[in-house]
Amino acid sequence: MKIILGLVGEIASGKGTTVEYLEKKYNAASFRFSDPLRGALKQLYLDVNRKNMQVLSLILRQTFGQNLFAKIISQDAKNNKKKVIVVDGIRRPADIEYLKQLPEFKLVYITIDIKIRYQRLIKRTENSDDKNKTFDQFVKDHTAETELEIPKIGQTADYKINNSGSKKKLFEQIDKIVCELECQ
């Protein structure tokens with residue numbers, strides 16, 4: 001039986017760490033909503049930063065439909081032969097419109113205190129503008145259009161993970177979810 005886990009969570013909540021763990025332990029295939037945006041920005045020789053990704057995402061979705069990335073990712077997840085699939089970066093209801101139609105799909109909300117998320121963000125430097133970001137700028141990032149629906153979507157999740165503790169605690173919660181789904 002295939003397991004498709006969709007991850008939703010605020011900026012720096014641990015979605016990437018969860019993906020890495022699932023890839024390593026369960027040989028999961030992974031898909032990120034931000035990958036096409038990162039690829040396009042690189043191709044255009046523009047900085048891969050949060051603002052540019054938000055602007056490009058908005059333009060593409062306004063032009064080609066709010067569910068543009070959802071169509072692609074749900075089809076990729078459906079066609080992938082691996083037993084465990086993880087979809088990272090769900091941010092809006094349209095992102096799961098097609099995924100919810102797949103019987104193997106489960107939504108996982110990863111939560112964590114905002115101050116812990118900020119500390120993790122400036123250490124990881126995933127985007128070019130992360131390491132110099134102030135806490136006030138980080139808080140402001142949460143008012144962007146791409147971030148507004150996350151808590152609401154999280155409330156509809158099949159599973160909730162609190163990532164305020166250690167990586168070990170995070171991994172235990174992930175293992176519990178996978179075990180529960182494998183045993184169904």
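Other residues, nucleotides and ligands contribute over 12 non-hydrogen atoms within 6.0 Å of the NZ atom of K2.
In the hydrophobic clustering (ILVMFWY side chains linked at under 4.5 Å, chained through shared members), L5 is joined by I3, L7, V19, Y21, L22, Y26, V84, V86, V108, I110, Y159, I161, L170, F171, I174, I177, V178, L181. Other members of the cluster containing V55 are I59, with ILVMFWY side chains joined at under 4.5 Å, either directly or via other members.
In this structure, the separation between CZ on R61 and OG on S57 is 3.5 Å, given to the nearest 0.5 Å. The distance from the CD1 atom of I96 to the CD atom of Q101 is 11.0 Å, given to the nearest 0.5 Å. Residue D76 holds its CG atom at 7.5 Å from CD1 of I72, rounded to the nearest 0.5 Å. The CD atom of E147 sits 4.0 Å away from atom CD1 of I150, with the distance rounded to the nearest 0.5 Å. Summarising the geometry, atom CZ belonging to R92 is positioned 11.0 Å from atom CG belonging to N67; distances are rounded to the nearest 0.5 Å. One distance of note links CG of L41 with CG of L46; it measures 6.0 Å at 0.5 Å rounding.
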Checking side-chain hydrogen bond (donor to acceptor under 3.5 Å, both in side chains) for the pair E23/N27: CA distance, chi angles, key distance, verdict?
CA-CA 5 Å; E23 288 173 334; N27 193 30; over 6 Å; no
Might you work through the side-chain hydrogen bond (donor to acceptor under 3.5 Å, both in side chains) test for T134 and D136, ending with a clear yes or no?
CA-CA 5 Å; T134 67; D136 288 339; 5.3 Å; no
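Checked for salt-bridge contact, R91 and E149 miss the test: no charged N lies under 4.0 Å from a carboxylate O.
Applying the salt bridge (Lys or Arg N to Asp or Glu O under 4.0 Å) rule to K133 yields the partners D129, D141; only residues at least two apart in sequence or on another chain are considered. Checked against salt bridge (Lys or Arg N to Asp or Glu O under 4.0 Å), K83 has the following partners two or more places apart in sequence or in another chain: E182. F138 pairs by the ring pair (Phe, Tyr, Trp, His ring centres under 6.0 Å) definition with Y118, H142, not counting sequence neighbours.
T63 places no side-chain N or O within 3.5 Å of a backbone atom of L60 that could act as its donor or acceptor partner.
Within the structure, ring pair (Phe, Tyr, Trp, His ring centres under 6.0 Å) pairs that include any residue of residues 35-67 do not occur (at least two apart or interchain).
I85 and Y98 end up in different hydrophobic clusters when Ile, Leu, Val, Met, Phe, Trp and Tyr side chains are linked at under 4.5 Å. Grouping the Ile, Leu, Val, Met, Phe, Trp and Tyr side chains by contacts below 4.5 angstrom, directly or via other members, places F69 with V48. Cluster membership check: L121 shares its hydrophobic cluster with F135, using side-chain heavy-atom separations under 4.5 Å among Ile, Leu, Val, Met, Phe, Trp and Tyr.
Residue K15 forms a side-chain contact (heavy atoms from CB on, under 4.5 Å) with just one option from D88, V87, V8, and that option is D88.
By the 4.5 Å heavy-atom criterion applied to side chains, R117 and I114 are counted as neighbours. Within the 4.5 Å cutoff, side-chain heavy atoms of E10 are placed close to those of P151.
Here the shortest heavy-atom pairing between I112 and N163 reads CD1-O, 3.0 Å.
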